[in-house]
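Below is one structure, written out as structure tokens; the observations come after it.
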There are 2 protein chains.
Amino acid sequence: MIKTVVLGNGNLATHLCQVFEKNNQILLLQNYNRKGEPIINCNVPVTSTISKIVDAEIYIIAFNDSALHDLSDFKKLNGLVVHTSGATDISVLKDFTNHGVFYPLQSFNKNISIEFSKVPIAIEANSVANEKLLIYTANAITSKVYTINSEQRNALHVAAVFANNFSTFMYTQASEICNEYKIDFSILKPIIFETISKLETHLPNTIQTGPAIRNDQKTIKKHLDTITKVQQKEIYKNLTEAIQNYYGKEL
Amino acid sequence: MIKTVVLGNGNLATHLCQVFEKNNQILLLQNYNRKGEPIINCNVPVTSTISKIVDAEIYIIAFNDSALHDLSDFKKLNGLVVHTSGATDISVLKDFTNHGVFYPLQSFNKNISIEFSKVPIAIEANSVANEKLLIYTANAITSKVYTINSEQRNALHVAAVFANNFSTFMYTQASEICNEYKIDFSILKPIIFETISKLETHLPNTIQTGPAIRNDQKTIKKHLDTITKVQQKEIYKNLTEAIQNYYGKEL
């Protein structure tokens with residue numbers, strides 16, 4: 001059993017405490033958070049006093065990215081110290097003899113339960129032994145474990161902005177247009193789900209459809225005439241052009 | 001039983017023939033297509049001679065949008081004549097006494113089977129009686145029938161470009177970045193699926209996350225430094241700004 005302490009009580013820290021508490025291969029000894037607040041749906045003992053943090057094999061620091069740059073108060077932690085940030089280099093922890101990264105790639109919300117076994121975890125460590133320990137720990141809670149370096153993790157974080165944040169914003173634009181014309185946004189859900197389900201078996205660049213890739217100028221013009229909001233028109237123009245450049249170069 | 005003829009043999013026409021042939025409320029009499037080609041996985045009699053098109057209650061013209069603007073060869077069709085185009089006004093069929101639109105909102109591919117009962121169909125007709133006939137026909141193959149006018153259908157088509165085409169292009173960008181850094185794109189699939197599943201119960205503008213909406217300038221800068229392709233950098237910048245404008249105005 002891997003003796004573990006989780007630091008932080010945000011969305012990710014909460015989910016990690018919950019999943020570790022139930023796990024047979026991991027012994028969650030303690031949670032540290034600044035205010036000493038209990039963890040929702042989890043009985044782990046909590047401390048707000050750094051000097052009272054107990055000895056453990058792994059310390060998982062699930063703070064905000066900005067709080068990772070000064071961890072001098074925690075320098076006495078004696079074990080493998082890891083952070084959970086996609087956007088932060090492993091080197092931020094270099095003052096700890098044993099250090100690494102334990103990055104679950106999912107969008108977490110304290111109040112929404114999650115099936116952790118489907119969450120990918122990206123691992124990095126400063127030694128083979130530490131990497132092994134992290135892989136073992138990650139494997140205890142998910143079947144999707146990837147070993148990647150800081151440069152790759154940073155790139156993955158950028159990729160996730162496109163795949164998650166920007167696509168969500170596209171759905172928001174669609175929903176705005178539906179509102180404007182008093183159409184039920186639900187009418188679009190089947191086509192959204194169908195497209196996503198194609199990603200199970202197809203690369204995204206093989207399933208592109210629509211007026212841009214067909215270079216259907218008549219429809220593009222009609223669409224631009226339909227869109228009333230300046231910013232939406234800009235997005236439509238820019239992405240139509242980008243799709244045409246992308247496939248134009250390829251074809 | 002509604003006597004029906006489907007015109008065309010593209011992706012949508014093929015799926016319509018297949019689903020009509022199996023349906024108990026619809027009698028698929030014939031398919032017309034220019035080359036007289038048989039319909040895949042369907043035994044419907046086929047003609048390529050316009051004068052041999054049989055009498056029916058509904059003629060569903062599933063041609064390309066561009067072919068809808070000169071239907072003079074078909075002027076003798078005697079029944080309810082409908083097109084299936086999202087982007088085309090009902091008025092294109094005004095020379096037919098009884099006319100309408102029967103628009104299934106899904107991305108169809110001849111070679112990929114589809115569960116038609118989940119496909120939304122948007123209906124428009126030039127009379128109450130014709131609307132009733134179309135609703136009856138649509139209800140025979142799906143539970144999702146919507147009555148919308150041409151202006152709404154056009155807007156819906158624009159919304160679908162954002163929800164489907166542009167989001168697909170975001171996944172393509174993510175996949176390009178993964179390739180560049182030798183990361184398995186599969187690592188992103190769980191977060192994509194999780195986000196989409198939230199759309200079942202949440203409006204898309206309530207689930208936006210990421211550095212843009214947090215106004216996390218440090219991460220945004222780091223991401224822009226990471227992106228090597230000019231066009232990708234432009235998309236990142238434009239959409240980050242658009243998200244900030246959108247939520248800035250709202251907050």
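Reckoned from all heavy atoms, side chains included, excluding hydrogens, waters and symmetry mates. We name chains A, B, ... by the order of the sequence lines, and we start the count at 1 in each one.
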Closest approach of B:P204 and A:T168, non-hydrogen atoms and distance?
-> O-CG2, 3.6 Å
Under 4.5 Å to a heavy atom of chain A? For B:I227 that would be side chain
Should B:K218 and A:D65 be marked as a side chain to side chain contact (heavy atoms under 4.5 Å, CB included) after you check the CA-CA gap, both sets of side-chain angles, and the distance that decides it?
-> CA-CA 10 Å; B:K218 203 177 152 191; A:D65 290 6; over 6 Å; no
For A:T240, is it the side chain, the backbone, both, or neither that has a heavy atom closer than 4.5 Å to a heavy atom of chain B?
-> both
So, do B:V161 and A:P211 sit near enough that their side-chain heavy atoms are less than 4.5 Å apart?
-> yes
Between the side chains of B:Y246 and A:Q173, does any donor sit under 3.5 Å from an acceptor?
-> no
Shortest non-hydrogen pair, A:Q152 vs B:K182, comes out as NE2-O, 3.4 Å
Derivation of the side chain to side chain contact (heavy atoms under 4.5 Å, CB included) call for B:N205 and A:Y171 | CA-CA 8 Å; B:N205 69 355; A:Y171 302 131; over 6 Å; no
Is the shortest heavy-atom distance from the side chain of B:N238 to the side chain of A:E234 under 4.5 Å?
-> no
Heavy atoms only, distances under 4.5 angstrom: which of B:G210, B:A155, B:S66 has the most pairs with chain A? Name it, please.
-> B:A155
Could you look at A:F185 and say if it's the side chain, the backbone, both or neither that has a heavy atom under 4.5 Å from chain B?
-> side chain
With rounding to the nearest 0.5 Å, note down the distance linking CD1 in A:I112 to OG1 in B:T201.
-> 7.5 Å
Answer yes or no: is there a side-chain heavy-atom contact under 4.5 Å between B:T226 and A:H157?
-> no
Could you look at A:Y146 and say if it's the side chain, the backbone, both or neither that has a heavy atom under 4.5 Å from chain B?
-> side chain
Check each atom of B:E151 against the heavy atoms of chain A and say whether the ones under 4.5 Å are side chain, backbone, both or neither.
-> both
With a 4.5 Å limit on heavy-atom distance, are the side chains of A:N164 and B:I192 in contact?
-> no
Using non-hydrogen atoms and a 4.5 Å limit, figure out which bit of B:T206 sits close to chain A: side chain, backbone, both or neither.
-> neither
With a 4.5 Å limit on heavy-atom distance, are the side chains of B:Y236 and A:F166 in contact?
-> yes
Considering only heavy atoms, which portion of A:Q232 lies under 4.5 Å from any heavy atom of chain B: side chain, backbone, both, or neither?
-> both
For A:K229, is it the side chain, the backbone, both, or neither that has a heavy atom closer than 4.5 Å to a heavy atom of chain B?
-> neither
Chain A contact via B:V158 - which portion, at a heavy-atom distance below 4.5 Å = both
Checking B:E200 against chain A: side chain, backbone, both or neither under 4.5 Å from a heavy atom?
-> both
Considering all heavy atoms, the nearest A:L199-B:K189 contact = O-NZ, 3.0 Å
Please report the closest heavy-atom contact between A:K198 and B:S107, naming both atoms and the distance.
-> NZ-OG, 3.6 Å
Cut-off 3.5 Å, side chains only: do B:T209 and A:N165 have a donor facing an acceptor?
-> yes
Engaged part of A:K144 at the chain B interface, taking heavy atoms whose separation is under 4.5 Å | side chain
